[in-house]
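Quick notes on the structure that follows.
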Amino acid sequence: NAGVTQTPKFQVLKTGQSMTLQCAQDMNHEYMSWYRQDPGMGLRLIHYSVGAGITDQGEVPNGYNVSRSTTEDFPLRLLSAAPSQTSVYFCASSGAGTDTQYFGPGTRLTVL
Amino acid sequence: GDSVTQMEGPVTLSEEAFLTINCTYTATGYPSLFWYVQYPGEGLQLLLKATKADDKGSNKGFEATYRKETTSFHLEKGSVQVSDSAVYFCALSHFQGAQKLVFGQGTRLTINP
């Protein structure tokens, strides 16, 4: 049981490049979320999903896209990277009827 | 909208000292309240939670009580250890599965031997 996994662990991009951050969970959780962590600001919600085929925006969605074609996977796409997207990105999942979100180890992204 | 405010860090204590990290929130209704901990180089882990007023969450010697009248959820531990050094986040959620968490800014705690 791996829990929530994220790849890559580190990534450096140039401004304007695109990439996908991968997230997968093996706990059959309905809910999945993406957060970004910036110094002094805690974590902020980017996008979330309540089930396969259903996604919605969080607090800071601009510049990011998501899709959820399976229960297990919830990739985050940066369409055209900007320096303001330099951050640590965390994926999380939780099951219906619980009050606990499980977090992945994070992806540290630097945009030059 | 909802918000969470934590005491500013960093906080540095000696081993066996008493710890309090203040957390207050602004929210409509009755959200669930959480403390998450992040050890160096790792993701966040749930430390404790409380889902209704006057509930006390506890884990690993840490405690926090949901105070509706003061909109607070302060984290306490009677005797800290070096291994408690981490960043602590207070958070709230209105939603099933604790999704859509709203986090405070985090408090970095360092315990010296």
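A, B, ... follow the sequence lines: proteins, then strands. Residue 1 opens every chain.
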Does [X] have more than 12 heavy atoms from other residues, nucleotides or ligands lying within 6.0 Å of its [atom1]?
| X | atom1 | answer |
| --- | --- | --- |
| Lys56(B) | NZ | no |
| Glu8(B) | CD | no |
| Arg108(B) | CZ | no |

Pairwise side-chain contact, Leu45(A) with Val102(B), heavy-atom cut-off 4.5 Å (strictly under): no

Chain B contact via Gln6(A) - which portion, at a heavy-atom distance below 4.5 Å: neither

State yes or no: do [X] and [Y] share one hydrophobic cluster built from I, L, V, M, F, W and Y residues joined by side-chain heavy-atom distances below 4.5 Å, directly or via other members?
| X | Y | value |
| --- | --- | --- |
| Leu48(B) | Tyr88(B) | yes |
| Tyr48(A) | Ile46(A) | no |
| Trp35(B) | Phe103(A) | no |

Interatomic spacing from CD in Gln105(B) to CG in Leu43(A) - rounded to 0.5 Å: 12.0 Å

Interatomic distance, Lys100(B) atom NZ to Glu59(A) atom CD [nearest 0.5 angstrom]: 10.5 Å

Residue part contacting chain A, namely of Gln45(B), when any heavy atom lies under 4.5 Å: neither

Centroid-centroid under 6.0 Å between Phe95(B) and Tyr31(A) rings: no

side-chain contact (heavy atoms from CB on, under 4.5 Å) between Gln101(A) and Leu101(B), worked out: CA-CA 9 Å; Gln101(A) 280 213 332; Leu101(B) 286 163; 3.4 Å; yes

